[in-house]
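In what follows, a structure is listed as structure tokens, so that the remarks can point back to it.
Below, read A as the first sequence line, B as the second, and so on, with proteins coming before strands; counting in each chain starts at 1.
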Number of protein chains: 2
Amino acid sequence: MLRLTKRSEYGLMALAYLGSRAAEFCSVREMAEDMAVPARLLAEVLKDLARAELINSQRGPNGGYQFAKDPTHFTIFDIVEILEGEVQFTNCAPGLTCTRESSCTIHGAISKVAEQVKGVLDGFTLAHLTPGHPDHMMSAATAAKSLQV
Amino acid sequence: MLRLTKRSEYGLMALAYLGSRAAEFCSVREMAEDMAVPARLLAEVLKDLARAELINSQRGPNGGYQFAKDPTHFTIFDIVEILEGEVQFTNCAPGLTCTRESSCTIHGAISKVAEQVKGVLDGFTLAHLTPGHPDHMMSAATAAKSLQV
DNA sequence: TTAATTTAGCACCGACTTGGTGCTTTTAAA
DNA sequence: TTTAAAAGCACCAAGTCGGTGCTAAATTAA
């Protein structure tokens, strides 16, 4: 159904969370509780993000994770690629497993589609997800509330 | 990995094929052979497209499938929705299974992403996939060939 | 009428992916 | 030394995906 996995979803939520928490270390337990997501799975996701050097990790008491770099430097595409592997829209693109060079007439257009989808994901940085950041996009609920004020 | 399923892939290929074959009926066997895809699976896909009244079906000898309407009237999004079910980018969007209204800060941006991805898929019609049609986008291979001439 | 061709319907299966957990080790602070 | 936390690795259940089997219904041709 063309959807992101939970890994990406939790990852994006966690990064947004970290972004809004200044530079302090946050533990997985803390984050999982606040975000109401399964702690162990979140831990796996954060491990991957740390391996990709997107966030710093600190072991031991008062340890946890913290943003390594400016959130505006990373896009949703980057995160999805880290957590789900290479984004490959179909098998049917030149150079991939589509060997129907002669008969397959769609990979021209499909490549364009894939390119544009990639463009969309690259058009959003982590800052867009991070509350408090000037680039943040409000949810419908939040927007409604701010209108009431 | 954010990819289309084989159902969508075969469906799009088949529709491109039908679009390039004037208005005659084409049998599944014929199409599957020409496109080098598994016939039975292609048959399932075409059944779904026929149920959606996107193509006409005709049983019996010399039967098969044929385009019902103008290819420019259908977008890639339509096909994907028919063959994969409702496109739902994440669980995390207002009104969906994301019940973390208060804590989840990403569904504002995620909704925008989903909207734009939908926009991309809606920006391509079947005509873009159909060789012979003026809107058709050539594959890299075909383009290379035409340059050689 | 009969046989052949083709779609329609429905159920099913094996393999892979996904979401999630268990357990042990390593690091670091109190 | 104890405790809190991440790192590593393996594992499992459920779901999805690609694909197939089988039977019925429709249509054409002989």
Between B:R7 (CZ) and D:dG19 (C1'), how many Å, whole number?
-> 11 Å
So does B:Q58 get a side-chain nitrogen or oxygen closer than 4.0 Å to the phosphate oxygens (OP1/OP2) of D:dT28?
-> yes
B:R3 CZ - C:dC16 P separation (whole Å) | 14 Å
Nearest whole angstrom, please: distance from the P of C:dT17 to the CG of A:L83.
-> 17 Å
Rounded to whole Å, the CG-P distance (B:D48 to D:dG18) equals 13 Å
Selected nucleotide, minimal atom distance to B:S27 side chain, candidates C:dT6, D:dG19, D:dG18 | C:dT6
With respect to the phosphate group of D:dG8, does any side-chain polar atom (N or O) of A:R51 fall under 4.0 Å of OP1 or OP2?
-> yes
Measure from CG on A:L41 to P on D:dA14 and round the result to the nearest Å.
-> 17 Å
Side-chain (A:E84) to main-chain (A:T5) donor-acceptor, under 3.5 angstrom | yes
In terms of the nearest nucleotide of DNA chain D, which residue is placed more toward the 5' end: A:Y65 or A:P61?
-> A:P61
Are any of the side-chain nitrogens in A:E115 or A:K118 under 4.0 Å away from the carboxylate oxygens of its partner?
-> no
Within the side chain of B:H133, is there an N or O that forms a donor-acceptor pair under 3.5 Å with the backbone of B:T130?
-> no
Ignoring backbone atoms, establish whether B:S57 has a side-chain N or O less than 4.0 Å from OP1 or OP2 of C:dT6.
-> no
Atom CG of A:L49 and atom P of D:dG8 are separated, to the nearest Å, by 14 Å
Rounded to the nearest Å, what distance is computed from the OH atom of residue B:Y10 to the C1' atom of nucleotide D:dT20?
-> 13 Å
Using nucleotides 21-25 of chain D, report all nitrogen or oxygen pairs with the protein that are shorter than 3.5 Å.
{"unit_1": "D:dG21", "atom_1": "N7", "unit_2": "B:R40", "atom_2": "NH1", "d": "2.4"}
{"unit_1": "D:dG21", "atom_1": "N7", "unit_2": "B:R40", "atom_2": "NH2", "d": "3.2"}
{"unit_1": "D:dG21", "atom_1": "O6", "unit_2": "B:R40", "atom_2": "NH2", "d": "2.3"}
{"unit_1": "D:dC22", "atom_1": "N4", "unit_2": "B:R40", "atom_2": "NH1", "d": "3.4"}
{"unit_1": "D:dC22", "atom_1": "N4", "unit_2": "B:R40", "atom_2": "NH2", "d": "3.4"}
{"unit_1": "D:dA25", "atom_1": "N3", "unit_2": "B:R59", "atom_2": "NH1", "d": "3.1"}

Under 4.0 Å between a side-chain N or O of B:R29 and OP1 or OP2 of C:dT5?
-> no
Identify, with sequence neighbours excluded, every residue that meets side chain to side chain contact (heavy atoms under 4.5 Å, CB included) alongside B:Q58.
-> B:F25
Does any N or O in the side chain of A:S27 come within less than 3.5 Å of the main-chain N or O of A:E30, such that one atom is a donor and the other an acceptor?
-> yes
Check every atom of C:dG19, C:dT7, C:dA30 against the side chain of A:K6 and return the nucleotide holding the closest atom.
-> C:dG19
Residues forming a ring-ring contact (aromatic ring centres under 6.0 Å, His included) with B:F77, sequence neighbours excluded = none
Nearest-Å distance, CG (A:L2) to C1' (D:dC17)?
-> 15 Å
Residue B:E53 excluded, over 12 heavy atoms near CD under 6.0 Å | no
